[in-house]
Each structure stands twice: as C-alpha cells, then as structure tokens.
Amino acid sequence: MVINFIGDIHGYASELKRLLAKLGYKRSASNGWTCGEGQLVFLGDLIDRGPEQKETVEIVRELSDLGHAICLTGNHEFNAVGFVTERVDEPGKYVRSHTDNHIRQHQGFLDAYANDAQGYRETLDWFSTLPLWFDNGQARAVHACWNPDAQNDLAPLLTETQSPINRSFYEQTGISGSRPWEARETLLNGLEARLPDDVSFEDYYGIKRRRIRVNWWAPEQATFRDAAVIDDSQRHIIPDLPMPDGSPTYEGPLCFFGHYWMRGIPKIQHPQAVCLDYSVALNDGALCAYQFRGEKSARQEHLVWVNRT
Ligand SMILES: [Mn+2]
C-alpha cells in the first residue's frame with residue numbers, strides 16, 4: 001500500500017503538475033489520467049496566494065472524483081465557505097468576516113471565478129464536503145494539528161468519514177469562542193498557548209502578541225520559547241518562561257500535516273509527525289509530498305518535492 005501525502009499548494013498548479021508527474025500521475029487531453037502507485041491525500045490549502053487557483057482546484061477535484069485522491073479541508077477552504085456563510089450568532093455578518101485584510105487574502109480566488117458564478121458555487125459546495133482529517137489506522141493526516149479532544153468536540157457535526165454533516169458545521173464552528181469554534185481552530189489553524197498575564201512580545205512585524213503557536217509534535221519543550229513554532233532566527237523574542245501545563249507531544253501512528261510554512265530543504269524533523277508545507281507560495285519554497293509505504297517511522301528518502309519555478 002502506498003499513500004502519497006501532499007502539502008499546501010496555494011494555487012501553484014504548475015508545481016502541482018510537476019510533483020504529480022514525479023509521483024507517476026500525469027494527465028493527457030486524450031487519455032485522461034495515468035496514475036502512479038496507491039492513493040493521494042491532499043492536506044488542504046489548495047487556494048489563496050498563487051496564480052493558478054482554479055486549475056489547482058480542478059486537478060485535485062478531478063482526481064478526487066475519480067477515486068484517486070482524498071482532499072482534506074485547510075483553513076483556506078474553510079474560510080472560502082465561511083466567507084459566504086452567515087453567522088447564526090450575528091445575522092448579517094459572515095463566519096469569515098469581510099475585513100479589508102480578509103478580502104485581500106481571498107481576492108485571487110474571487111477573481112479566478114469572477115466570470116464563472118456556477119463554478120464558484122460548485123467549488124464552495126465541494127469544499128464544504130471535504131473531510132477534516134484522515135486516519136486509516138497506520139497513517140493519519142490533518143491540515144494543522146492532530147488533537148483528539150478537538151476531534152471529539154467536532155464529532156457530532158461530522159459524518160463517519162469526518163466530513164461536515166451539512167452547513168451547520170460551518171455555522172456552529174463559526175460562533176466565536178464556542179467549543180466547536182475552538183476545536184476547528186485547533187485542527188485547521190494549529191494549537192496556541194496564552195502567555196502568562198502581563199507577558200507579551202513583539203513579533204517580526206512589531207505587533208504585540210500574547211499568544212504563541214505551539215509546536216504540538218516535538219517532545220520535551222519546557223518553555224514558551226522552546227515550544228513556539230517560529231523561525232529559529234526569531235526565537236529569542238519569545239519569553240523564556242516555563243509553560244505551566246507543559247507542552248503536548250505527539251505519539252501515535254505516523255501523522256502528516258501542512259500549514260506551518262517550513263523553510264529550507266524538506267526534512268523529517270520528528271519520526272512520527274511530518275510537516276509537508278514547504279512554502280511553495282514563496283520564491284524559494286517547494287511543494288512537498290511523502291510516499292508512505294506502511295513504515296512505523298518517517299524516512300527522509302520518502303520525501304519527494306519540486307522547487308518553485
Ligand atoms: Mn493553512
């Protein structure tokens with residue numbers, strides 16, 4: 001059994017086609033898809049940022065419809081649906097608010113479907129069915145964070161295959177501060193921890209922060225500084241204070257995730273938890289996959305990637 005897990009694409013369809021070709025998947029106009037070994041699992045974030053968002057969606061959707069692929073939802077697919085889903089707690093507002101910043105982040109996607117209202121509707125309908133995580137007993141995947149508590153909290157809103165039962169998933173997880181909202185944030189945007197009262201730091205952009213993104217997979221992180229997901233060049237700005245509840249460590253079957261904008265040459269950082277997001281939307285980024293063949297620990301030689309062109 002082979003499962004090819006594929007990281008965040010963000011509208012870079014050319015890189016996706018090159019990566020798929022490396023994995024043995026190629027499409028010709030006359031014969032359709034020639035497929036590689038096994039199955040594909042996309043880790044979400046197909047859209048926003050890149051120049052070929054519609055084509056990216058079309059490729060992944062076609063492979064899914066043919067039964068070759070499963071596509072998980074990322075925070076960007078959730079937000080695309082949330083952008084047109086009215087809030088039940090504040091009618092007239094949307095689950096993904098229409099701030100200038102949110103519109104700017106999403107404009108490329110809206111533009112891609114500007115002359116295709118039907119395609120836009122069908123794409124959002126498809127996004128709204130995408131599962132939140134994958135687990136076949138030997139390997140697991142989620143967009144940002146594997147978290148059983150959050151998964152239990154969302155279970156009433158999901159089918160047996162972890163897809164939203166209907167739009168109520170988007171409504172309930174769109175109620176700010178609710179348990180479903182927190183759970184969905186954890187799975188799709190990652191785990192965060194609040195710094196002690198009165199403690200804050202200024203991030204790279206000079207914005208005052210009271211929370212850090214927690215590295216939920218690495219073992220033995222005693223302090224906020226150790227546990228923060230941040231480039232090592234910036235790590236010194238995080239307070240070096242103990243985390244009162246300790247930090248989580250991932251144990252279990254091999255788990256694949258994206259979301260975290262890793263930089264540099266793709267590498268296995270933890271034997272059980274593998275990030276496949278290597279920032280293809282940046283000039284020096286890469287689109288990365290992992291070929292899982294049933295092994296218990298991740299192997300560097302199973303990583304496959306293409307660099308941005
Ligand atoms: Mn993401």
Side-chain angles (χ1 to χ4, degrees), residues 5-13 15-16 19 40-53 56-57 60 69-83 95-97 99 101-110 123-124 126-128 130-134 140-147 150-151 154 162 164 169-170 173-174 181-192 203-204 211-217 228-231 250 255-263 266 269 273-282 285-290 305 308:
F5 292 91
I6 298 181
D8 308 33
I9 306 163
H10 284 301
Y12 284 85
E15 282 72 9
L16 173 60
L19 180 67
L40 301 164
V41 175
F42 291 91
L43 301 179
D45 280 5
L46 307 182
I47 60 159
D48 292 333
R49 293 225 174 210
E52 303 153 325
Q53 299 191 28
T56 302
V57 169
V60 176
I70 292 171
C71 180
L72 303 181
T73 193
N75 53 310
H76 286 265
E77 285 73 47
F78 178 87
N79 288 341
V81 178
F83 198 78
V95 168
R96 176 67 169 175
S97 62
T99 62
N101 201 19
H102 289 171
I103 291 172
R104 203 162 36 241
Q105 283 178 23
H106 200 43
Q107 194 65 53
F109 180 77
L110 299 172
T123 298
L124 294 188
W126 181 59
F127 284 174
S128 72
L130 299 180
L132 275 284
W133 67 89
F134 168 90
R140 296 170 161 175
V142 66
H143 181 63
C145 175
W146 189 267
N147 188 289
Q151 289 163 325
L154 291 178
Q162 293 87 43
F169 171 84
Y170 290 83
T173 66
W181 184 86
E182 292 280 354
R184 185 262 305 163
E185 283 274 316
T186 298
L187 299 188
L188 300 187
N189 291 69
L191 202 59
E192 293 194 345
D203 73 10
Y204 186 71
R211 300 167 74 92
I212 61 160
R213 297 169 103 188
V214 177
N215 179 325
W216 53 267
W217 58 93
V229 181
I230 195 166
D231 196 76
Y250 177 75
C255 183
F256 299 91
F257 59 100
H259 187 67
Y260 285 98
W261 294 83
M262 296 293 167
R263 306 297 302 274
Q269 303 190 10
V274 179
C275 184
L276 295 176
D277 176 14
Y278 277 85
S279 308
V280 69
L282 303 179
L287 181 63
C288 188
Y290 184 95
W305 69 89
R308 248 297 283 289

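Just follow the structure's listing: the first ligand is 1, and inside any ligand the first atom is 1.
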Aromatic plane relationship, His10 with Trp261 - under 30° parallel, 30 to 60° tilted, over 60° perpendicular: parallel
Side-chain ion pair, Arg211 and Glu192, N-O less than 4.0 Å: yes
Backbone or side-chain N/O/S of Asn189 under 2.8 Å of the Mn ion (ligand 1): no
Name of whichever N/O/S atom of His259 is nearest to the Mn ion (ligand 1): ND1
Contact flag Asp45/the Mn ion (ligand 1), N/O/S atoms, threshold under 2.8 Å: yes
CA sep, side-chain torsions, deciding dist, call: Val274, Trp217, side-chain contact (heavy atoms from CB on, under 4.5 Å): CA-CA 9 Å; Val274 179; Trp217 58 93; over 6 Å; no
Residue of the set Phe134, Phe5, Trp216 for which ring-ring contact (aromatic ring centres under 6.0 Å, His included) holds with Phe257: Trp216
Backbone or side-chain N/O/S of His143 under 2.8 Å of the Mn ion (ligand 1): yes
